[in-house]
A.B. asks: 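Please read through the structure below; I'll follow up with questions.
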Amino acid sequence: MSKKALYDSLVEHIIENQNKFYRAAFYYVKSKEAALDVVQNAICKALENYEKLQSSEAMASWFYRIVINESLMYLRKEKKYIAWDESDSSLLEGIYEEPAYEPKLEVVSKISELPTDMQIVIQLHFFEDKTLKEIAEITETNLNTVKSRLYAACKRLGKELEKEDEELLTRYGKSLKRGGEESRHEK
């Protein structure tokens with residue numbers, strides 16, 4: 001494939017999948033503006049370095065890798081610079097919410113507590129519908145490592161959610177039992 005054809009193919013791929021790339025970036029940075037910046041930086045990097053692309057078949061995983069790396073780089077930079085008083089509500093005006101990644105959702109918040117390598121595998125597999133082989137290509141990791149990370153992440157998530165369910169049952173189950181006993185005594 002000629003360089004021009006590869007470049008055109010890359011541009012077409014980016015345009016066709018821009019929502020997926022945005023969603024992937026948003027998963028990490030949790031901000032509309034930051035996700036757009038991340039995707040824009042990823043596009044610039046990809047277009048500047050398209051000659052390093054081996055073939056059009058590797059394009060999808062190659063570009064996802066760039067988006068993820070840009071997201072992680074953004075987070076590393078932001079940890080150095082962001083510090084604000086959360087009680088200042090003016091900073092929270094106009095917050096953009098992405099329903100699929102709403103931080104209040106129990107599972108999503110638990111995923112964000114996992115180590116980064118596990119988060120990436122979970123996000124790509126369950127939110128982006130990537131196969132384990134594609135994830136291995138995107139992350140430049142051995143397929144068996146991807147499998148073990150996915151297994152370990154799912155196991156850890158299951159334990160955390162189970163523990164939380166037990167705590168809720170313990171906390172609210174007793175009051176439900178007492179409420180039920182009281183209503184029986186009233187009859």
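Here the structure is a predicted model, which is why all the values come from computation and not from measurement. The first residue of the sequence shown is numbered 1, and numbering continues consecutively from there.
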A.B. asks: Using 0.5 Å steps for rounding, measure from the OG1 atom of Thr116 to the CD1 atom of Ile68.
C.D. replies: 11.0 Å

A.B. asks: Indicate, with yes or no, if Val67 and Met73 share a hydrophobic cluster defined by side-chain heavy-atom contacts under 4.5 Å among Ile, Leu, Val, Met, Phe, Trp and Tyr.
C.D. replies: no

A.B. asks: Can you confirm whether Lys32 sits close enough to Tyr22 that some side-chain heavy atom of one is under 4.5 Å from a side-chain heavy atom of the other?
C.D. replies: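 A side-chain contact exists here, since the closest heavy-atom pair is under 4.5 Å.
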
A.B. asks: Residues two or more places apart in sequence or in another chain: which of them pass side-chain contact (heavy atoms from CB on, under 4.5 Å) with Asn142?
C.D. replies: Asn144, Thr145

A.B. asks: Would you please name every residue forming a salt bridge (Lys or Arg N to Asp or Glu O under 4.0 Å) with Asp37, sequence neighbours left out?
C.D. replies: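 Salt bridge (Lys or Arg N to Asp or Glu O under 4.0 Å) check on Asp37 returns nothing, list empty.
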
A.B. asks: With side chains defined as the heavy atoms from C-beta onward, is the minimum distance between Ile111 and Tyr27 less than 4.5 Å?
C.D. replies: yes

A.B. asks: Can you tell if the side chain of Leu47 reaches within under 4.5 Å of the side chain of Tyr7, non-hydrogen atoms only?
C.D. replies: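 Answer yes - side chains close enough.
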
A.B. asks: Does the side chain of Glu78 reach to within under 4.5 Å of the side chain of Ser31, using non-hydrogen atoms?
C.D. replies: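 Contact flag for Glu78/Ser31 side chains = no.
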
A.B. asks: What residues form a side-chain contact (heavy atoms from CB on, under 4.5 Å) with Leu132, not counting sequence neighbours?
C.D. replies: His125, Ile135, Leu143, Val146, Lys147, Leu150

A.B. asks: Taking C-beta and beyond as the side chain, do Ile120 and Tyr28 meet within less than 4.5 Å on heavy atoms?
C.D. replies: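 A side-chain contact exists here, since the closest heavy-atom pair is under 4.5 Å.
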
A.B. asks: Roughly how far, to the nearest 0.5 Å, is the CD atom of Gln123 from the CG atom of Leu114?
C.D. replies: 12.5 Å

A.B. asks: Side chain to side chain donor-acceptor pair (under 3.5 Å) with Tyr64: which residues, sequence neighbours excluded?
C.D. replies: Glu128

A.B. asks: For Lys45, which residues count as a salt bridge (Lys or Arg N to Asp or Glu O under 4.0 Å) partner, sequence neighbours excluded?
C.D. replies: Glu70

A.B. asks: Mind listing the closest non-hydrogen atom pair of Val38 and Ser71 along with its distance?
C.D. replies: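 Heavy-atom minimum between the residues: CG1-OG, 3.3 Å.
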
A.B. asks: Just to verify, what does Ser61 make a side chain to side chain donor-acceptor pair (under 3.5 Å) with, not counting sequence neighbours?
C.D. replies: none

A.B. asks: Quick check: do Ile15 and Val11 have side-chain heavy atoms less than 4.5 Å from each other?
C.D. replies: yes

A.B. asks: Applying side chain to side chain donor-acceptor pair (under 3.5 Å), name anything that partners Asp117, two or more places apart in sequence or on another chain.
C.D. replies: Arg149

A.B. asks: What closest approach, in Å, do Val29 and Ala35 show between heavy atoms, and which atom pair accounts for it?
C.D. replies: CG2-N, 3.4 Å

A.B. asks: Could you tell me which non-hydrogen atom of Ser112 sits nearest to which non-hydrogen atom of Gln119, and how far apart they are?
C.D. replies: O-NE2, 3.1 Å

A.B. asks: Can you pull out every salt bridge (Lys or Arg N to Asp or Glu O under 4.0 Å) where at least one residue sits in residues 49-62? Sequence neighbours excluded, please.
C.D. replies: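 As it turns out, there is no salt bridge (Lys or Arg N to Asp or Glu O under 4.0 Å) pair with a partner in residues 49-62 once direct neighbours are skipped.
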
A.B. asks: Go through the steps for Val39 and Gln18 under the test side-chain contact (heavy atoms from CB on, under 4.5 Å), then give the verdict.
C.D. replies: CA-CA 8 Å; Val39 172; Gln18 60 188 334; 5.8 Å; no

A.B. asks: Just to verify, what does Lys155 make a side-chain contact (heavy atoms from CB on, under 4.5 Å) with, not counting sequence neighbours?
C.D. replies: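 With neighbours one apart ignored, the set is Tyr151, Lys159.
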
A.B. asks: Indicate yes or no: at least one non-hydrogen side-chain atom of Lys20 is less than 4.5 angstrom from one of Phe63.
C.D. replies: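 The answer is no; the side chains never approach within 4.5 Å.
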
A.B. asks: Run the side chain to side chain donor-acceptor pair (under 3.5 Å) test against Asn41 and tell me which residues pass, sequence neighbours left out.
C.D. replies: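 Checked Asn41 against side chain to side chain donor-acceptor pair (under 3.5 Å); zero matches.
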
A.B. asks: Just jot down the side-chain contact (heavy atoms from CB on, under 4.5 Å) partners of Asn69, sequence neighbours excluded, or say none.
C.D. replies: Arg65

A.B. asks: What pair of heavy atoms forms the shortest contact from Ala60 to His13, and how long is it?
C.D. replies: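 So the two residues come closest at CA-NE2, 3.6 Å.
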
A.B. asks: Atom CG of Leu53 and atom CH2 of Trp62: how far apart are they, to the nearest 0.5 Å?
C.D. replies: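 Going from CG on Leu53 over to CH2 on Trp62, the span is 5.5 Å.
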
A.B. asks: Going by heavy atoms in the side chains, are Cys154 and Ile122 under 4.5 Å from each other?
C.D. replies: yes

